[in-house]
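As structure tokens, the structure follows; a few thoughts come after it.
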Amino acid sequence: MESEWWKHYFPIAANAQIEAALTRENVVEATWVAECLGLKSGDRVLDVPCGEGRLARELALRGCHVVGVDFEAKVIAAGRERAQKQNLKIAFEQCDMRDLQWVDTFDGAFCYFGSFGYFDDAGNERFVRAVHRTLKPGAKFLIETHCMETLLPVFTARGWHQEGQTIILQDRQLDVAAGRIDAEWTFIEPTGVSKSNVSIRLYTYRELVTLFETAGFAACQGFDTASHGAFNSRAKRLTFVGRK
């Protein structure tokens with residue numbers, strides 16, 4: 001698997017994934033992010049990576065000043081267009097999320113729904129440290145993701161789902177020793193078929209605590225994304241929060 005797979009994945013898959021994101025429960029998820037981060041109107045928030053900004057828009061509607069960061073120019077352009085249609089002032093910045101420019105700026109930051117673990121261990125730590133630098137003292141960073149404890153009970157080697165007119169097939173391999181899940185995604189659309197590769201670092205809960213604490217975060221907490229209760233062995237996904 002190519003180490004910088006995301007450079008080739010998103011230009012191909014972006015349109016299907018953006019449209020899929022729009023069908024999710026944006027209001028519910030944005031409410032959960034705001035609750036976990038303790039956000040209020042007027043707070044500055046970092047959405048990283050932001051994609052087309054589905055949650056950034058919801059938080060902007062609540063009065064937050066949102067900055068969205070993403071590597072891919074196409075989704076940044078889509079985010080700006082959608083925000084403009086809603087007359088929302090969201091700052092979209094195209095950059096590598098491991099190289100964030102802000103220092104002691106934000107009242108909260110989040111990385112939501114499968115956008116964590118793109119890099120090798122050093123790169124993921126660099127990302128968490130970069131977010132830590134951007135936050136004001138006492139501010140929190142939230143990631144929402146699968147971890148080893150949530151994925152192993154439901155892991156299957158193959159699967160598929162449909163988003164609009166796009167059928168998305170997945171062929172997955174779980175490398176327990178490396179702590180990574182590698183997958184080939186096949187997008188079957190009326191206009192043709194395309195393929196992309198994905199490689200995600202799948203941390204255990206304890207590894208995430210160590211990673212965040214190494215980057216400078218404290219008071220780390222895990223929650224069951226679905227129930228919003230404390231993280232436990234029955235959780236389907238993990239919401240993980242650390243405080244600067």
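- Side-chain contact between Tyr203 and Asp121 is present, with heavy atoms from C-beta onward closer than 4.5 Å.
- Checked against a 6.0 Å centroid threshold, the rings of His132 and Phe217 count as neighbours.
- Sequence neighbours left out, the pairs with a member in residues 101-112 that pass salt bridge (charged side-chain N to carboxylate O under 4.0 Å, His left out) are Asp104-Lys244, Asp107-Lys136.
- Heavy atoms only, all atoms of each residue included: Cys95 and Val69 are closest at SG-CG1, 3.4 Å.
- Taking CZ of Phe141 as the reference point, atom CG of Leu135 lies at 8.0 Å (rounded to 0.5 Å).
- The stretch residues 75-104 participates, sequence neighbours left out, in these ring pair (Phe, Tyr, Trp, His ring centres under 6.0 Å) pairs: Trp102-Phe106.
- Between His228 and Thr225, the shortest heavy-atom contact is CD2-O, 2.9 Å.
- Here Ser115 contributes atom OG and Phe127 contributes atom CZ; the two are 8.5 Å apart, rounded to the nearest 0.5 Å.
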**Candidate pair Arg129 and Glu125, rule salt bridge (Lys or Arg N to Asp or Glu O under 4.0 Å), full reasoning** = CA-CA 6 Å; Arg129 286 185 182 277; Glu125 182 179 336; 2.9 Å; yes
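- When side chains are defined from C-beta on, Cys50 counts as touching Ile76, because their heavy atoms get closer than 4.5 Å.
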**Candidate pair Arg201 and Tyr118, rule side-chain contact (heavy atoms from CB on, under 4.5 Å), full reasoning** = CA-CA 6 Å; Arg201 174 66 161 94; Tyr118 286 179; over 6 Å; no
**Request:** Could you walk me through whether Trp185 and Asn197 pass the side-chain contact (heavy atoms from CB on, under 4.5 Å) test, one step at a time?
**Result:** CA-CA 6 Å; Trp185 292 53; Asn197 292 316; over 6 Å; no
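- Atom OH of Tyr112 is separated from atom CG of Leu142 by 7.0 Å, given to the nearest 0.5 angstrom.
- Atom CG of Leu211 is separated from atom SG of Cys220 by 9.0 Å, given to the nearest 0.5 angstrom.
- Legend: residues meeting side chain to side chain donor-acceptor pair (under 3.5 Å) with Thr186, ordered by chain and number and at least two apart, are Lys195.
- A donor-acceptor distance shorter than 3.5 angstrom exists from the side chain of Asn124 to the backbone of Phe119, with no hydrogens or angles considered.
- A donor-acceptor contact shorter than 3.5 Å is absent between the side chain of Thr166 and the backbone of Gln162.
- The CD1 atom of Ile181 sits 8.5 Å away from the CD1 atom of Ile200 when rounded to the nearest 0.5 Å.
- Atom-to-atom distance recorded for Leu59:CG and Arg54:CZ is 11.0 Å, nearest 0.5 angstrom.
- No donor-acceptor distance shorter than 3.5 angstrom exists from the side chain of Arg80 to the backbone of Ile90, with no hydrogens or angles considered.
- Screening Val67, Val131, Thr134 for a side-chain contact (heavy atoms from CB on, under 4.5 Å) with Val48, the sole residue that qualifies is Val131.
- Applying the side chain to side chain donor-acceptor pair (under 3.5 Å) rule to Asp171 yields no partners; only residues at least two apart in sequence or on another chain are considered.
- Cluster partners of Ile188, by chain and number: Trp160, Ile167, Leu169, Val193. The rule joins Ile, Leu, Val, Met, Phe, Trp and Tyr whenever side-chain heavy atoms lie under 4.5 Å apart.
- Taking the six-membered ring where the residue is Trp, the centroids of Phe212 and Phe240 are separated by under 6.0 Å.
- For residues 219-241, the set of pairs meeting the salt bridge (charged side-chain N to carboxylate O under 4.0 Å, His left out) definition, not counting sequence neighbours, comprises Glu144-Arg237.
- Residues Cys111 and Pro49 are in side-chain contact: their nearest non-hydrogen atoms beyond the backbone lie under 4.5 Å apart.
- For Arg126, the side chain to side chain donor-acceptor pair (under 3.5 Å) partners at least two apart in sequence or on another chain are Asp99.
- The main-chain N or O of Gly222 is found under 3.5 Å from a side-chain atom of Tyr205 such that the two form a donor-acceptor pair.
- Partners of Gln165 under the side chain to side chain contact (heavy atoms under 4.5 Å, CB included) rule, at least two apart in sequence or in another chain, are Pro190.
- In this structure, Arg180 contributes its side chain and Ser199 its backbone to a donor-acceptor pair below 3.5 Å.
- The side chain to side chain contact (heavy atoms under 4.5 Å, CB included) test applied to Ala73 returns Gln94, not counting sequence neighbours.
- Although no hydrogens or angles enter the test, the distance criterion places a donor-acceptor pair under 3.5 Å between the side chain of Glu207 and the main chain of Thr204.
- For the pair Phe223 and Val241, the minimum side-chain heavy-atom distance is below 4.5 Å.
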Name each donor-acceptor pair under 3.5 Å that joins a side chain in residues 150-157 to protein atoms two or more places apart or in another chain, with its distance.
residue	atom	partner	partner atom	Å
Thr150	OG1	His146	ND1	2.8
Thr150	OG1	Cys147	N	2.9
Thr150	OG1	Cys147	O	3.0
Thr156	OG1	Arg158	O	3.2
Thr156	OG1	Arg172	NH1	3.0

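- Leu208 and Val176 fall within the same hydrophobic cluster, where Ile, Leu, Val, Met, Phe, Trp and Tyr residues are linked whenever their side-chain heavy atoms come under 4.5 Å apart, directly or through other members.
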**Prompt:** Run the side-chain contact (heavy atoms from CB on, under 4.5 Å) check on Phe110 and Asp47 step by step: do they pass?
**Reply:** CA-CA 5 Å; Phe110 64 95; Asp47 180 358; 3.3 Å; yes
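- Contact of the Glu52 side chain with the Arg57 side chain is registered, since non-hydrogen atoms from C-beta on lie closer than 4.5 Å.
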For residues 30-40, tabulate all N or O donor-acceptor pairs below 3.5 Å that involve a side-chain atom, not counting sequence neighbours.
residue	atom	partner	partner atom	Å
Thr31	OG1	Val27	O	2.8
Thr31	OG1	Arg62	NH1	3.1
Thr31	OG1	Arg62	NH2	2.8
Trp32	NE1	Thr239	OG1	3.0
Lys40	NZ	Asp43	OD1	3.2

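- In terms of the side chain to side chain donor-acceptor pair (under 3.5 Å) criterion, Asp120 has no residue partners (sequence neighbours excluded).
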